[in-house]
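Structure first, commentary second.
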Amino acid sequence: MHEILNVNYNNSWCYDIIFHNSYDKLGAELEKLELSNRKVCIVCDSNTSIYLQDVIENTKNHVAFVDSYVFPAGEENKTLDTVKNLYEHLIKAHFDRNDVLFALGGGVVGDLVGYTAATYLRGIRFVQLPTTLLSMVDSSVGGKTGVDFDAYKNMVGAFHQPKCVYMNLATLQTLPAEQFSSGMAEVIKYGYIKEAPFYQWLQDNHDRIMNQEYEIILEMVYRSCLCKKEVVERDPHEKGERALLNLGHTLGHAVEKLMNFKLFHGQCVAIGTVAAIHMSVMRGMLSMEELEEAISVIRSFGLPVGITGLDITEIIAATKNDKKMEAGKIKFILLEKIGNAIIDSTVTDDEMRAALEFIQNK
Ligand code: GLY
């Protein structure tokens, strides 16, 4: 069984998201992009190169020429230097405006290749082939691309929509457990910000999800992408509602930076989410029971819920450099209730401190 979602902007089709358990249907999707006289460069990192041959086999009969480029895995390589090396590779291989990049990997690969595609020759097409849960349910959909700059996460970037997002869910089986859990932080997020029934569904299906039963994972990834698709269709450039997808991200990014990217992104988002829920409780919007339940749900999916060994003053200072600042104010995402998030620019340092003290050593 495979599923398709269409992402539409301004009521017209923009790209398809394909959910399948192999790369067998990739060729059929590439036919729709009419690449028979175009070159393709499949870009992956040193981890996702294990899928390279499979993707090449399913691509080669549908394009004029298949090239590949592998860079070392790791957030520390999500930089303009890696983009520069990729530009050099593309220039030497004579890639022109009509040729196409494939991003085969997790969030680092997708964001970096998307940014390269957005800027090379003022923009060429690209296809997302996400291989991690986090990139499937979040970063591969919606056209945010970019790289880190001097440890400021995603500081340089562009909106550039993929031409297709093809998810081979079988790749999740080779993910280390911590990385699968990291993706769960972004999945749970959709429950908190938009879909209370989905939050319940995740709890009801906890064991089947953690056992990675295919039909359940398919439904979970599909429902996450449906939620993301609906948000980004209404607000592609984050003028409003799309900011809700940043629940847990302001404090999460600060923790991620202060931990020198030793924690996975989703792990930091989980920590930031618990802090945001604490602030929502302190403002009287959620109950203490809902906070305790959130802590146990987040933990049950293998995610951290607290900070150890970090200085709270430094975390608060790091939030001031987050790119989600607007006119000097941080845009926080709080929960009015489970399934309903709001944007709030009035969160004080004292509220952040209280939340961080609450999660310290948890
Ligand atoms: N990852 C949040 C967004 O795409 O807006």
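Whatever order the structure lists them in is the order used to number ligands and atoms, beginning at 1.
- With hydrogens and angles ignored, the 3.5 Å screen pairs no side-chain donor or acceptor of Y214 with any backbone N or O of A170.
- Checked against a 6.0 Å centroid threshold, the rings of F102 and F126 do not count as neighbours.
- Annotation for D111 and T145: closest pair O-CB, 3.6 Å, computed over non-hydrogen atoms.
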Under 3.5 Å, N/O to N/O: give me all the pairs between ligand 1 and the protein, one per line with atom names and distance.
unit_1	atom_1	unit_2	atom_2	d
ligand 1	1 (N)	D138	OD1	3.0
ligand 1	1 (N)	D138	OD2	3.0
ligand 1	4 (O)	K228	NZ	2.5
ligand 1	4 (O)	R242	NH2	2.8
ligand 1	5 (O)	K144	NZ	3.0
ligand 1	5 (O)	R242	NE	2.7
ligand 1	5 (O)	R242	NH2	3.4

Original post:
Going through the checks in order, is the ring-ring contact (aromatic ring centres under 6.0 Å, His included) test met by Y190 and F198?
Top reply: CA-CA 8 Å; Y190 295 114; F198 183 50; 7.3 Å; no
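- Taking the six-membered ring where the residue is Trp, Y15 and Y9 present tilted rings, their angle falling between 30° and 60°.
- Side chain of Y199 to main chain of I193: no donor-acceptor pair is present (N/O by atom type, distance under 3.5 Å, no hydrogens or angles).
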